[in-house]
2 protein chains.
Amino acid sequence: MRLSGKLRKESARDYALRVLKENIISLELKPGTPISENELAAELGISRTPVREAIIDLARANVIETYPQKGSFISKIDPKMVEEARFLRQITDTAVTLEACGTIEGERLREIEENVALQEFYLDKGMTDRIFELDNRFHKLIYIAVGKELIHEIHSTLMIHFDRVRNISVETVKDFKVVNDHRAILEAIKAGDKEKAAELVDKHLHRYKFDEAVIRSQRPEYFKQ
Amino acid sequence: MRLSGKLRKESARDYALRVLKENIISLELKPGTPISENELAAELGISRTPVREAIIDLARANVIETYPQKGSFISKIDPKMVEEARFLRQITDTAVTLEACGTIEGERLREIEENVALQEFYLDKGMTDRIFELDNRFHKLIYIAVGKELIHEIHSTLMIHFDRVRNISVETVKDFKVVNDHRAILEAIKAGDKEKAAELVDKHLHRYKFDEAVIRSQRPEYFKQ
DNA sequence: ATATGAATACTTGTATACAAGTATGCAAGC
DNA sequence: GCTTGCATACTTGTATACAAGTATTCATAT
């Protein structure tokens with residue numbers, strides 16, 4: 001597992017949660033991998049308690065599966081979970097984007113513009129690693145701009161199902177049309193064109209749907225069924 | 001606080017979580033009330049650990065606010081949280097109901113029919129206590145019927161913001177038009193009338209929006225601002 | 001060779017101990 | 001009366017101890 005150091009003023013629980021999320025999404029922790037509370041605590045240099053609390057958080061969204069007295073495991077990719085996450089993201093992103101149309105301005109708008117500009121910059125330079133982070137940040141900024149940050153927070157753990165598949169997609173098919181999508185969505189928001197924005201969000205999220213068949217054939221051991 | 005006994009095969013954590021949820025929604029634990037992990041553990045006859053784990057779960061959705069080394073408190077009613085919960089419920093209920101239109105049948109449909117019949121029965125008898133439970137169950141059944149149970153589960157804690165206000169509404173305005181709403185929604189689903197269903201869901205959830213001004217004037221001490 | 005069973009080394013769930021920060025009350029001093 | 005400061009009794013965060021269940025391994029008996 002990949003360990004980044006514990007940040008100052010970050011609690012042990014937040015540290016464990018952050019490291020777990022990073023490694024699950026990046027597939028450093030492969031689907032099906034057993035997770036021992038004791039072992040992870042030792043690796044992170046903290047005690048079982050905060051590690052356990054982080055695992056409980058992930059287990060609530062079925063990202064980790066815990067079987068009492070048997071063990072905990074990184075959940076294998078379950079197409080039903082991925083679809084639930086995609087479905088939820090579809091409807092909330094659409095609704096939030098509609099609210100954003102014509103209402104975002106000032107500093108909030110500037111942040112989003114900067115974000116998209118950076119995506120285009122890194123895409124141009126071929127530094128695609130940065131784009132994932134910027135992608136997530138792009139969508140989060142829209143949620144914040146329309147005052148729906150709690151919804152974004154509540155959904156974040158569930159979206160690991162989705163993000164993980166997205167990461168495999170990139171490992172395998174290398175598709176960066178998403179940057180163009182983001183640009184187009186931003187322009188639609190600025191223009192206040194709700195119909196166009198909704199259509200773009202819909203198209204944007206359906207990109208990840210197609211990849212599943214490809215991934216499954218390449219990494220069948222990652223899948224539940 | 002109201003204590004129901006610990007169920008057989010229910011873990012201590014689930015017990016604490018269930019009792020806390022019940023008492024927060026019913027307003028037995030009033031907004032602003034301090035919650036001590038030690039005290040609650042003693043009341044429930046379990047140790048701090050599972051109590052703490054339950055509190056963490058509720059704190060994640062801002063239902064409880066924890067200040068390290070100071071204390072934890074039942075969150076006061078925050079109109080922004082209530083609106084986020086209502087907004088989320090609006091869009092997911094609508095999307096799920098649209099999927100349900102014309103696709104639910106057999107045992108699944110029968111369960112929902114029975115649920116609505118019971119609501120009408122208890123409304124008629126004036127046993128309105130039962131209706132809250134049936135109300136929640138009605139909506140959950142629809143989520144299950146279209147295979148979106150994880151979304152329902154993930155949202156359940158956040159909906160406490162909404163359910164709590166709904167409960168005050170009933171204490172104060174006694175409005176049971178919701179039963180008629182449920183009947184109408186069910187009929188629209190059976191008829192496969194998506195337009196009608198979406199309109200009904202929209203109207204249904206907006207009922208609770210109006211009550212806020214009334215509640216605020218009656219129970220200002222429950223509100224954050 | 002095969003089946004049986006006990007020892008062992010794990011697992012998570014729960015309880016408890018300790019650490020460190022905070023609010024409160026009260027007494028002392030001015 | 002008012003302020004200061006310390007003792008005290010809380011709080012949550014973290015670490016550790018104990019309980020109970022499970023899988024494995026290896027020796028023994030058939």
Side-chain angles (χ1 to χ4, degrees), chain A residues 1 3-21 24 29-76 157, chain B residues 1 3-21 24 29-76 157:
Chain A
M1 192 167 72
L3 298 179
S4 51
K6 181 174 161 186
L7 304 174
R8 275 279 156 262
K9 96 182 194 92
E10 182 180 45
S11 70
R13 168 155 55 102
D14 287 342
Y15 174 45
L17 192 55
R18 180 171 58 80
V19 170
L20 274 172
K21 279 185 178 179
I24 293 172
L29 285 172
K30 303 197 189 311
T33 306
I35 297 294
S36 160
E37 293 176 2
N38 272 319
E39 196 178 321
L40 186 53
E43 272 192 89
L44 297 176
I46 59 181
S47 76
R48 255 190 75 199
T49 303
V51 168
R52 174 177 168 78
E53 289 169 353
I55 287 176
I56 289 172
D57 197 84
L58 294 166
R60 195 168 184 278
N62 288 5
V63 170
I64 286 180
E65 289 173 21
T66 295
Y67 304 95
Q69 277 69 49
K70 291 183 189 173
S72 294
F73 305 85
I74 307 295
S75 294
K76 290 198 172 187
T157 306
Chain B
M1 191 168 73
L3 299 179
S4 51
K6 179 173 163 186
L7 305 174
R8 273 284 157 260
K9 97 180 192 90
E10 182 180 44
S11 70
R13 168 155 56 102
D14 287 341
Y15 174 45
L17 191 56
R18 180 171 58 81
V19 170
L20 273 172
K21 278 186 177 178
I24 293 171
L29 285 172
K30 301 194 190 313
T33 307
I35 297 295
S36 160
E37 294 176 1
N38 272 318
E39 198 178 318
L40 186 53
E43 272 192 271
L44 297 178
I46 58 182
S47 77
R48 254 190 78 201
T49 304
V51 168
R52 174 178 169 77
E53 289 169 353
I55 288 176
I56 289 172
D57 196 84
L58 293 165
R60 194 167 185 278
N62 288 6
V63 170
I64 286 181
E65 289 172 21
T66 295
Y67 304 95
Q69 278 68 51
K70 292 183 187 172
S72 295
F73 306 85
I74 307 294
S75 295
K76 291 197 172 186
T157 307

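Chain letters run A, B, ... following the sequence lines, proteins first, then strands; residues in each count from 1. Values below: every heavy atom of this structure, side chains too, minus hydrogens, waters and symmetry copies.
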For nucleotides 10-20 of chain C, read 5' to 3', which letter fits each nucleotide if B means a protein heavy atom sits under 4.0 Å from the base, S means only the sugar-phosphate is that close, and - means neither? -BBBBBBB--B

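Taking B/Arg48 as the reference, B/Glu37, B/Asn38, B/Arg52 meet the side-chain contact (heavy atoms from CB on, under 4.5 Å) condition, with sequence neighbours excluded. Listed by chain and number, the residues in a side chain to side chain donor-acceptor pair (under 3.5 Å) with A/Thr49 amount to none (sequence neighbours excluded). Listed by chain and number, the residues in a side-chain contact (heavy atoms from CB on, under 4.5 Å) with B/Ala54 are B/Ala16, B/Leu17, B/Leu20 (sequence neighbours excluded). A search for side-chain contact (heavy atoms from CB on, under 4.5 Å) contacts involving A/Glu10 returns A/Lys6, A/Leu7, A/Asp14, A/Tyr15, A/Arg18, not counting sequence neighbours.
Applying the salt bridge (Lys or Arg N to Asp or Glu O under 4.0 Å) test to residues at least two apart or on different chains, none of the pairs has a partner in residues 66-76 of chain B.
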